[in-house]
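Below is one structure, written out as structure tokens; comments come after it.
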Amino acid sequence: GAVVSQHPSWVICKSGTSVKIECRSLDFQATTMFWYRQFPKQSLMLMATSNEGSKATYEQGVEKDKFLINHASLTLSTLTVTSAHPEDSSFYICSARQGVNTEAFFGQGTRLTVV
Amino acid sequence: GENVEQHPSTLSVQEGDSAVIKCTYSDSASNYFPWYKQELGKGPQLIIDIRSNVGEKKDQRIAVTLNKTAKHFSLHITETQPEDSAVYFCAAPRRGYQKVTFGIGTKLQVIP
């Protein structure tokens with residue numbers, strides 16, 4: 001199956017700093033990438049959808065100035081958590097798909113801890 | 001929007017027994033139904049999926065059934081093994097897969 005790689009797999013940062021998470025499709029070109037957040041023992045909540053070369057579409061309640069998403073190429077999307085606070089600590093997961101009506105494949109997730 | 005309900009939230013079975021997880025969805029436009037397995041600290045992995053033009057699909061010990069009229073689909077795992085222990089999520093993307101709604105997840109524990 002297709003491979004989606006996230007980096008880093010875990011990160012600890014100080015409150016007030018920014019953190020960038022990368023999501024790469026290794027063996028296919030991803031026209032669309034999705035970013036999710038998952039709190040402990042909860043389901044995945046979609047944060048935003050990004051299409052290559054255009055601005056991301058954010059879900060209601062997700063601050064676009066706080067969670068900056070860039071999808072500059074067909075194989076890379078980045079999520080930057082700006083001015084991170086302890087409540088931003090969570091498991092962030094990306095997924096990518098090649099085209100419309102195709103399944104999306106998930107990265108391994110990034111555990112963010114803000115101290 | 002799509003509403004996906006999944007149950008049970010937890011399920012314990014003896015090794016070798018079968019496990020069944022059920023989901024219902026609300027959007028009649030949904031036409032693709034994947035099931036994901038998530039192990040602790042990892043991202044979800046697609047284990048099986050079904051499209052709306054078939055009623056059942058099997059892959060070794062795993063099967064999925066779909067009832068479009070009733071808007072529900074189920075995951076069946078037979079001859080369970082300890083390595084099947086994980087959290088399982090159903091999902092119901094809308095046509096074109098623009099948005100995906102996940103169920104709450106089912107924590108499956110297979111007791112050796």
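Every chain is numbered from 1, with letters handed out A, B, ... down the list of sequences. These numbers were taken from a predicted model, which means no experiment stands behind them.
Annotation for B:Val13 and B:Thr80: closest pair CG2-OG1, 3.7 Å, computed over non-hydrogen atoms. Scanning both residues, B:Lys68 and B:Ser52, for their nearest heavy atoms gives CD-CB, 3.3 Å.
If you measure heavy-atom distances from B:Glu39 to chain A, you find no contacts under 4.5 Å at all. For a residue to count as touching a neighbouring chain, one of its non-hydrogen atoms must lie under 4.5 Å from one of that chain's; by this rule B:Gln6 does not touch chain A. In this structure, chain B has no heavy atom under 4.5 Å from any part of A:Gln6. Contact annotation for A:Leu44: both backbone and side-chain heavy atoms come within less than 4.5 Å of a heavy atom of chain B.
You'll find the ring centres of B:Phe102 and B:Tyr36 inside the 6.0 Å limit.
Note that the CZ atom of A:Phe34 and the CE atom of A:Met47 stand 14.5 Å from one another [nearest 0.5 Å].
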